[in-house]
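Right, one structure below, let's go through it.
Scope of the values below: all heavy atoms of this structure, side chains included, with no hydrogens, waters or symmetry mates. Chain letters run A, B, ... following the sequence lines, proteins first, then strands; residues in each count from 1.
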Protein chains: 2
Amino acid sequence: MDAAHKIVRTEPAVIAEGEVSHEECRGFADMLARIGDKWTVLIVGSLASGPLRYKELHRKVEGISQRMLTLTLKGLEEDGLVSRTVYPTIPPRVDYELTELGRTLIVPLATLYKWMTEHKGEIADARQRYAEAQANKPMW
Amino acid sequence: MDAAHKIVRTEPAVIAEGEVSHEECRGFADMLARIGDKWTVLIVGSLASGPLRYKELHRKVEGISQRMLTLTLKGLEEDGLVSRTVYPTIPPRVDYELTELGRTLIVPLATLYKWMTEHKGEIADARQRYAEAQANKPMW
DNA sequence: CAGTATCCGATCGGATACTG
DNA sequence: CAGTATCCGATCGGATACTG
């Protein structure tokens, strides 16, 4: 059925100027679920300056629960963005570090971060205007 | 209490090389919840090539429910990223269009998109390696 | 056409207690 | 120290029916 699927796509290449196929969008959205996740970004940001131990991360990423820290790190490790190194000492020590792939992610995240810092004022203004417009709408 | 808050921050400026304060990170994370949202990105991408009506968006962003389309558009409008224009005809017509601010968002999203397309192969490989490593771990 | 309202299962994610 | 396991309320988000 994979073959049948391929036959249908008779004109695979150019879709339109700047347009993106449905499948590509879905893949994009799926990856975004990981990359765009709040804790993921905070953890990657924390590891940007060098490797950290589990507890150091827990302290640095304020507000994260053990559960979310562990789960998010597992996801990052699975995606090859973070490496996990166990030192079999007593007490045990585990270091987390960005992989080469993980370090490349810092660039687009920094771009996003820059956009946010540059436009957060405008967004705050827009929200206020929106709130006022909403408040003035009902007539009573 | 806002004043008291300010007095505490006696050394506001430089935090460290590349470091970001806790509050900044939180704001970053909060904005990410909007910007990094799956439907938000898909809608902004759909509107990148020009304004669309509600139903056109519904068709273009495959798989979105009316509920999520409406809610996400409201959020984007609230943040000033999308404008909503109502034509009081019968039947009604409503156009959604990226604002100037919304159009600036395309740049960082394109950067992220580029990163994903460039590295999705590596991520897929990493996932496979991880899955195999997991499968080989238990000894039975 | 462009929504709104309601219901309701699924996932998220914190809190807490326990473990190699 | 670096987790795992369990519980459980909160939010997410689809499906469906209805409306100006």
Could you encode protein contacts along nucleotides 2-15 of chain D as a string, one character per nucleotide from 5' to 3', using B for base contact, S for sugar-phosphate-only contact and - for no contact, with a heavy-atom cut-off of under 4.0 Å? SBB-B------BBB

Going by ring-ring contact (aromatic ring centres under 6.0 Å, His included), name the pairs with one or both residues in residues 55-104 of chain B, residues two or more places apart or in two chains. none

Just to be sure I follow the notation: if a pair is Watson-Crick (purine N1 to pyrimidine N3 plus N6-O4 or O6-N4) or a G-U wobble (N1-O2 and O6-N3), each under 3.5 Å, what dot-bracket string does DNA chain D give, with | for pairs to another strand? ||||||||||||||||||||

Quick one: does Q134(B)'s side chain have a donor or acceptor within less than 3.5 Å of a partner on A131(B)'s backbone? no

Applying side chain to side chain donor-acceptor pair (under 3.5 Å), name anything that partners S65(B), two or more places apart in sequence or on another chain. none

For L81(A), is there any backbone N or O sitting under 3.5 Å from a side-chain donor or acceptor partner on D79(A)? no

Residues passing the salt bridge (charged side-chain N to carboxylate O under 4.0 Å, His left out) test with R103(A), sequence neighbours excluded, are none

Contacts of K114(A) meeting salt bridge (charged side-chain N to carboxylate O under 4.0 Å, His left out) (sequence neighbours excluded), chain-then-number -> E118(A)

If only atom types and distance count, is the side chain of T111(A) paired as donor or acceptor with the main-chain N or O of V107(A) below 3.5 Å? yes

